[in-house]
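Numbers restart at 1 for each chain; the letters A, B, ... are given by sequence-line order, proteins then strands.
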2 protein chains.
Amino acid sequence: MCTTEDKIINASIVLFSQKGYTAVTTMEIAKEAGVSQMTLFRHFESKHNLFERSLDKFVFSPKFKALFESLEWDLERDLNKICASYQDVLYKNRKIILMHLKNEELNPHFEAVLYKFPNEFKKLLSRYFEEMRNRGAIIENPETLAVNFLTTSFGLFFTSLVMNKLTFDTDIQTCISNYIKIFTKGISLL
Amino acid sequence: MCTTEDKIINASIVLFSQKGYTAVTTMEIAKEAGVSQMTLFRHFESKHNLFERSLDKFVFSPKFKALFESLEWDLERDLNKICASYQDVLYKNRKIILMHLKNEELNPHFEAVLYKFPNEFKKLLSRYFEEMRNRGAIIENPETLAVNFLTTSFGLFFTSLVMNKLTFDTDIQTCISNYIKIFTKGISLL
DNA sequence: TCATCATGTTAGTTCTTGCTAACATCATCT
DNA sequence: AGATGATGTTAGCAAGAACTAACATGATGA
């Protein structure tokens, strides 16, 4: 948190993701950012412009390359790494994701950006499973496995993010490692 | 679609779930319902009242009893049934769920209603897994398994609901049955 | 010291929207 | 036919929110 613009953008992300675009006023954002409303309008000409610039600014990309290189062709260990990396991106982008969910109709062009990651992860994972199949470690269809794995990861993430009132006492980390254990066993040849 | 009130409530659910409470105007709802704005206010005194009555009206409960009685202690078959039932409730309540997601701050009391189902499902599933463990079919912790299973089911549901722009060509039904196959194998004693 | 620049303050304009009042229309029931 | 009740129409009020203009303040740097 540094420049005035950053303060405003941070505040807007927090509020937009909490309440949605229309429900938030520029006055609220200014107050949250600790500046005057006038300053907000001087930096971003309009509320909508602020919204768009907030979206543009805060998108974190996964470190695909590092992830790729760290794989060791041990199913459970690799899946743990991949999942951790995916959870990491999702978590870092959680506010943006919520913001997007609550304001879908306002930024159709933004979907492409947001959905780039799952799609890239899917490609990566498919290739990984395919190679594992070639090595004789598994038999199932690589693409199906990839979609399954990513969807589950997303389910775990989203559940822990939004449904915090559920009386699920198991925490997400435990859930994830359990899931991977089961998944690994479920797809391995014995 | 029958009485005037129903028409209005239906329209409000559609719009609230699409755009969120604040972004929808009473005029829009009236138009969508095919009535005049005045009629809307005559039936529901305020926009917020309409919102609350919409929430109250459209909550579908799962048929727990029928589900319970249909179980046959065959892991894969039972899980398919349980998952199908869960997906069914989720799907029937999809608009309400979206509506809730986009308007969290407006109806805190409603969370309890929405989260009743996952919690009941979890109890049911935990008991089921416990019994299966007693029968020697599995060894893992029943509660953990239940949470895993439900979270995944929710992930599959939500992905297919919201992320329809993902280039995941595998459809949800295939995903679900694949997942259950893997899950069953993953937790079974061999 | 003085000019510059970012910010705050205040007042105000305009548009939207929730909501009401008053009257008109029209179908139904007695 | 006439009363009743549900709905439509039109006009309008009150509040809020986006956004602007004009001026004040206060820090920074030449």
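B:Tyr91 and B:Phe157 have their aromatic ring centers separated by at least 6.0 angstrom. Residues A:Phe149 and A:Tyr179 bring their aromatic ring centres within 6.0 Å. Between B:Phe121 and B:Phe64, the distance from one ring center to the other falls under 6.0 angstrom.
Boundaries of the chain A contact region on DNA chain D are D:dA17 to D:dA21, first to last in 5' to 3' order (nucleotide atom under 4.0 Å from a heavy atom).
Within the 4.0 Å cut-off from OP1 or OP2 of C:dT7, at least one side-chain nitrogen or oxygen of A:His43 is found. The phosphate of C:dT7 has OP1 or OP2 within less than 4.0 Å of a side-chain N or O from A:Thr4.
Atoms CG and CZ, on B:Asn49 and B:Phe44 in that order, are 8.0 Å from each other to the nearest 0.5 Å. Atom CG in B:Leu75 sits 14.0 Å away from atom NZ in B:Lys185 (nearest 0.5 Å).
Per the geometry, CG belonging to A:Leu40 stands 15 Å off C1' belonging to C:dA6, to the nearest Å. Atom CG in B:Asn49 sits roughly 14 Å away from atom P in C:dG18 (whole-Å rounding). For the pair A:Phe41 CZ and C:dG8 P, the computed distance is 14 Å after rounding to whole Å. Taking atom CD of B:Gln37 as the reference point, atom C1' of C:dT20 lies 11 Å away to the nearest angstrom. In this structure, CD of B:Glu45 is placed 13 Å from C1' of C:dT20, rounded to the nearest angstrom. The distance between atom NZ of A:Lys7 and atom C1' of C:dA6, rounded to the nearest whole Å, is 11 Å. Atom CE of B:Met38 and atom P of C:dC26 are 19 Å apart (whole Å).
Residue-to-nucleotide proximity on DNA chain C shows that, of B:Arg42 and B:His48, the 5′-proximal contact is made by B:His48.
A cation-pi arrangement is found for A:Lys47 relative to A:Tyr21, the charged atom lying closer than 6.0 Å to the ring centre and inside a 45° cone about the ring normal.
Looking at A:Thr144 and B:Cys175, their side chains never come closer than 4.5 Å, going by heavy atoms from C-beta outward.
Across residues 16-27 of chain A, not one residue has a non-hydrogen atom less than 4.0 Å from an atom of DNA chain C.
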side-chain hydrogen bond (donor to acceptor under 3.5 Å, both in side chains) evaluation trace for A:Thr159 with B:Thr151: CA-CA 7 Å; A:Thr159 303; B:Thr151 312; 4.7 Å; no

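Side chain of B:Lys81 to main chain of B:Ser70: a donor-acceptor pair is present (N/O by atom type, distance under 3.5 Å, no hydrogens or angles).
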